[in-house]
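We're numbering straight along the sequence, starting at 1.
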Amino acid sequence: MKKTFLTEVTILSIYDLQNEEVKFLGNVLTGICVIDETKRFKRDFRIITSLIQKQNNLEFITKKGSCYIADTEASQLDIKLSEFVVMRHFLLSPSEILVARNKLKLEFKPKLH
């Protein structure tokens with residue numbers, strides 16, 4: 001099986017609000033490509049995977065059957081589905097999503113007079 005090797009790896013746990021309940025939708029992986037044996041990604045390209053099917057230490061297999069290898073233990077981040085959509089569309093990093101989240105909280109905080 002050909003593998004894609006990543007650095008700066010984060011497991012994103014995606015949640016959505018459905019019928020006033022928080023629902024877990026699944027985990028995906030994001031990171032920067034170091035080596036790609038599949039020839040799908042260039043070096044230093046940000047990757048956001050399909051849903052993770054299984055994990056064995058630093059190896060991740062997605063539901064689409066792709067294999068990703070992290071260079072170190074992955075960090076974790078819980079995100080909303082809406083944040084994930086923006087992240088995937090613009091290929092943002094987890095830290096960029098956190099900055100945007102905090103900025104929105106500050107901008108839409110109720111103003112006290």
Side-chain angles (χ1 to χ4, degrees):
M1 173 183 279
K2 293 185 179 186
K3 300 174 181 171
T4 302
F5 297 84
L6 303 174
T7 190
E8 299 178 34
V9 179
T10 302
I11 298 170
L12 303 172
S13 297
I14 305 167
Y15 293 89
D16 194 20
L17 188 62
Q18 298 174 353
N19 299 323
E20 298 183 28
E21 264 186 66
V22 175
K23 298 274 187 179
F24 172 69
L25 302 178
N27 290 326
V28 299
L29 202 62
T30 184
I32 304 295
C33 178
V34 178
I35 298 169
D36 181 27
E37 296 173 347
T38 71
K39 309 262 188 247
R40 292 183 300 154
F41 308 106
K42 293 182 180 176
R43 183 176 178 82
D44 297 326
F45 183 78
R46 175 163 306 285
I47 295 171
I48 300 174
T49 71
S50 58
L51 291 174
I52 298 169
Q53 185 172 1
K54 60 183 174 177
Q55 176 185 357
N56 183 15
N57 295 321
L58 302 177
E59 181 178 276
F60 300 84
I61 306 294
T62 66
K63 284 195 174 184
K64 290 186 176 181
S66 298
C67 180
Y68 297 91
I69 309 293
D71 63 345
T72 61
E73 189 172 327
S75 59
Q76 292 265 169
L77 178 62
D78 293 344
I79 64 173
K80 299 176 199 167
L81 178 59
S82 57
E83 293 172 322
F84 176 69
V85 170
V86 170
M87 184 177 194
R88 191 166 188 116
H89 181 74
F90 293 104
L91 289 178
L92 299 177
S93 69
S95 61
E96 290 170 317
I97 282 296
L98 290 174
V99 167
R101 179 189 291 173
N102 291 331
K103 187 174 181 179
L104 283 171
K105 280 182 187 177
L106 290 174
E107 287 184 15
F108 291 103
K109 194 178 211 179
K111 307 250 190 249
L112 298 176
H113 297 278

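Side-chain contact check for I79 versus R101: some heavy-atom pair is nearer than 4.5 Å. Residues S93 and E8 are not in side-chain contact: their nearest non-hydrogen atoms beyond the backbone lie 4.5 Å or more apart. Inter-residue side-chain proximity for E96 and V99 is flagged as unmet; no heavy-atom pair is nearer than 4.5 Å. Contact annotation: the side chain of T4 never approaches that of S66 to less than 4.5 Å [non-hydrogen atoms, C-beta and beyond]. The side-chain heavy atoms of L29 and Q55, taken from C-beta on, include no pair separated by under 4.5 Å. Residues E59 and C67 meet the side-chain proximity criterion, which asks for heavy atoms closer than 4.5 Å. Proximity of D71 to V34: side-chain heavy atoms (C-beta onward) are nowhere separated by under 4.5 Å.
Scanning both residues, C33 and I47, for their nearest heavy atoms gives CB-CD1, 3.7 Å. Heavy-atom minimum distance, L6 versus G31: CD2-C, 4.3 Å.
Results of the side chain to side chain contact (heavy atoms under 4.5 Å, CB included) test with Y15 over L25, D78, L81 single out D78 as the only residue that passes.
Counting only residues at least two apart or in different chains, ring-ring contact (aromatic ring centres under 6.0 Å, His included) contacts with residues 46-81 are absent.
In the hydrophobic clustering of ILVMFWY residues, with side-chain heavy atoms under 4.5 Å counting as a link, V22 and F24 come out together. Each of L17 and L12 belongs to its own hydrophobic cluster when Ile, Leu, Val, Met, Phe, Trp and Tyr are linked at side-chain heavy-atom distances under 4.5 angstrom. When hydrophobic clusters are built by joining Ile, Leu, Val, Met, Phe, Trp and Tyr residues whose side-chain heavy atoms come closer than 4.5 Å, directly or via intermediates, L92 is grouped together with F41. Connection of V9 to L91 is established within a shared hydrophobic cluster, with ILVMFWY side chains joined at heavy-atom distances below 4.5 Å, either directly or through further cluster members.
One finds the CE atom of M87 at 7.0 Å from the CG atom of L77 (value rounded to the nearest 0.5 Å). For the atom pair K2 NZ and I35 CD1, the distance stands at 14.0 Å (nearest 0.5 Å). Rounding to the nearest 0.5 Å places CD of E83 at 11.0 Å from CG of D16. For the atom pair OG1 of T30 and CZ of F84, the computed distance is 8.5 Å after rounding to the nearest 0.5 Å. Going from atom CD1 of I32 over to atom CZ of R43 covers 11.0 Å, rounded to the nearest 0.5 Å. For the atom pair K54 NZ and I61 CD1, the distance stands at 6.0 Å (nearest 0.5 Å).
R88 places a side-chain N or O within donor-acceptor distance of the main-chain N or O of T49, the cut-off being under 3.5 Å. Judged by distance alone, with hydrogens and angles left aside, the side-chain atoms of N27 form no donor-acceptor pair with the main-chain N or O of I52 at under 3.5 Å. Between the side chain of E37 and the backbone N or O of K3 there is at least one donor-acceptor pair closer than 3.5 Å.
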Point to revise | Test side-chain contact (heavy atoms from CB on, under 4.5 Å) applied to Q53 and T62, step by step | key: CA-CA 5 Å; Q53 185 172 1; T62 66; 6.0 Å; no
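Atom CD of Q18 is surrounded by more than 12 heavy atoms from other residues, nucleotides or ligands within 6.0 Å.
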